[in-house]
Enquirer: 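Below are the structure tokens for one structure; questions will follow.
Just so it is clear, the structure is predicted and the values come from calculations on it, not from any experiment. To find a chain, count down the sequence lines: A is the first, B the second, and so on, and within it residues start at 1. Below, all heavy atoms of this structure are taken into account, side chains as well, without hydrogens, waters or symmetry copies.
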Number of protein chains: 2
Amino acid sequence: MKKVGTHLVVDAWQAPADLLNDPERIREGLLNAVKAGKATLIDMCVHQFSPHGVTATVTLAESHIAIHTWPEYGYFAADLFFCGKGEPKEAMKVLQAALGAKEAKIREIDRGFPEIYATHQATVKKLEELVSSTR
Amino acid sequence: MKKVGTHLVVDAWQAPADLLNDPERIREGLLNAVKAGKATLIDMCVHQFSPHGVTATVTLAESHIAIHTWPEYGYFAADLFFCGKGEPKEAMKVLQAALGAKEAKIREIDRGFPEIYATHQATVKKLEELVSSTR
């Protein structure tokens, strides 16, 4: 596989409802997570639902972070997708601490495409250069 | 598991570089995907990188969609996280067609938390009600 990035798929629970329903707490937690992950912020959207729940998406130069909270369950889902640079695990530690989740299941997924496709692209490029040089 | 949503983790390749580097095409594709997925748009950020590549995050009432493109590889990574309502697979079909990817690996991940945690929460609530009614 030609890997372009690391994606942490996180389900976290046993978190206090009031923290999970506080958009400012979540915004601050995300900003600190971005800093801890050595990432570069491009944009952020934080949205509070009625009667409860917060969703936030963070656009990064390194890809994205997204979080969705269910205060009624003490649960949140988070995704931290970092290509190349950055430290998603450090970002996750900060986010989990900010929202006080005692338990978390973290799945690490490599993102990318089949190696043979990368090899094929490189071969095609070489052929094009060869054809171009012999013209 | 107490499931709160379905998450499609998508790696797609063999897509034309010009489509993957066109932020307006991607914005339009995402809007059509949201519509096809019967989702509700809250916010969208589309960002073009230099020299190439586009990142977009879409905040939905149902959760989020995110996409990151690597035109130099003819590759894009997409995430479609839909809680409860909506049809992420229909959204993905539209997005893949809009960006002309001939191949895609789609992983479907259930998001949520352990059933026992939900059971425990329900038990605590019942106990609280019982204590409250006997006071």
Enquirer: When clusters are formed by joining ILVMFWY residues with side-chain heavy atoms under 4.5 Å apart, either directly or through shared neighbours, do B:Phe113 and A:Val9 land in the same one?
Expert: no
Enquirer: Relative to chain A, which segment of B:His120 carries a heavy atom at a distance below 4.5 Å: side chain, backbone, both, or neither?
Expert: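 Contact with chain A: none, neither part.
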Enquirer: Answer with side chain, backbone, both or neither: which region of A:Val4 has an atom nearer than 4.5 Å to a non-hydrogen atom of chain B?
Expert: both
Enquirer: Checking heavy atoms, do the side chain of A:Leu60, its backbone, both or neither come under 4.5 Å from chain B?
Expert: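 Answer is backbone: N, CA, C or O of A:Leu60 sit under 4.5 Å from chain B.
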Enquirer: In terms of ring plane angle, is the pair A:Phe81 and B:His68 parallel, tilted or perpendicular, where the classes change at 30° and 60°?
Expert: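 A:Phe81 vs B:His68 ring planes: perpendicular.
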Enquirer: Taking all non-hydrogen atoms of both residues into account, name the closest pair between A:Gly112 and B:Tyr75 and its distance.
Expert: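 For A:Gly112 versus B:Tyr75, the nearest heavy atoms are N-OH, 3.2 Å.
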Enquirer: Go through the atoms of A:Ala12 and report whether side chain, backbone, both or neither lie under 4.5 Å from a heavy atom of chain B.
Expert: neither
Enquirer: Which atoms of B:Gln14 are under 4.5 Å from chain A, going by heavy atoms: the side chain, the backbone, both sets, or neither?
Expert: both
Enquirer: Examine whether an atom of B:Glu62 lies under 4.5 Å from a heavy atom of chain A, and if so say whether it belongs to the side chain, the backbone or both; otherwise answer neither.
Expert: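 No part of it gets close to chain A.
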Enquirer: Can you get from A:Trp70 to B:Tyr117 by hopping between Ile, Leu, Val, Met, Phe, Trp and Tyr side chains that sit under 4.5 Å apart?
Expert: yes
Enquirer: Which value, rounded to the nearest 0.5 Å, describes the distance between A:Met44 atom CE and B:Thr59 atom OG1?
Expert: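 Here the interatomic distance stands at 11.0 Å.
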Enquirer: Let me know if B:Ala118 has heavy atoms under 4.5 Å from chain A in its side chain, its backbone, both or neither.
Expert: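 Interface part for B:Ala118: neither.
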Enquirer: Does any heavy atom of chain B fall under 4.5 Å from the side chain of A:His64, the backbone, both, or neither of them?
Expert: both
Enquirer: Are B:Leu20 and B:Leu31 in one and the same hydrophobic cluster, where Ile, Leu, Val, Met, Phe, Trp and Tyr link if side-chain heavy atoms are under 4.5 Å apart?
Expert: yes
Enquirer: For the CZ atom of A:Phe49 and the CD1 atom of B:Ile42, what is their distance to the nearest 0.5 Å?
Expert: 4.0 Å
Enquirer: Taking NZ in A:Lys85 as the centre, count heavy atoms belonging to other residues, nucleotides or ligands within less than 6.0 Å. Is the count above 12?
Expert: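 No - once you tally the heavy atoms of other residues, nucleotides and ligands closer than 6.0 Å, there are 12 at most.
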Enquirer: Please find the pair of heavy atoms, one from B:Asp43 and one from A:Cys45, that lie closest to each other, and give the distance.
Expert: OD2-CB, 3.3 Å
Enquirer: Are A:Val94 and A:Ile106 grouped together when hydrophobic residues (ILVMFWY) are joined by side-chain heavy atoms under 4.5 angstrom apart?
Expert: no
Enquirer: Around atom NZ of B:Lys38, are there more than 12 heavy atoms from other residues, nucleotides or ligands closer than 6.0 Å?
Expert: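 No, NZ of B:Lys38 has 12 or fewer neighbouring heavy atoms, counting only those of other groups under 6.0 Å.
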Enquirer: If you count heavy-atom pairs within less than 4.5 Å of chain B, which of A:Ala61, A:Ser63, A:Ala77 leads?
Expert: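 With the most close heavy-atom pairs to chain B, the winner is A:Ser63.
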Enquirer: Any chance you could measure A:Arg111, atom CZ, to B:Asp79, atom CG, to the nearest 0.5 Å?
Expert: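 So the gap between those two atoms works out to 4.5 Å.
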Enquirer: Supply the atom-to-atom distance A:Arg107 CZ to B:Arg107 CZ, rounded to the nearest 0.5 angstrom.
Expert: 11.0 Å
Enquirer: What about B:Ile67 and B:Phe82, same hydrophobic cluster or not, with Ile/Leu/Val/Met/Phe/Trp/Tyr joined at side-chain heavy-atom distances under 4.5 Å?
Expert: yes
Enquirer: For the pair B:Tyr73 (side chain) and A:Gln121 (backbone), establish whether a donor and an acceptor sit closer than 3.5 Å, ignoring hydrogens and angles.
Expert: no
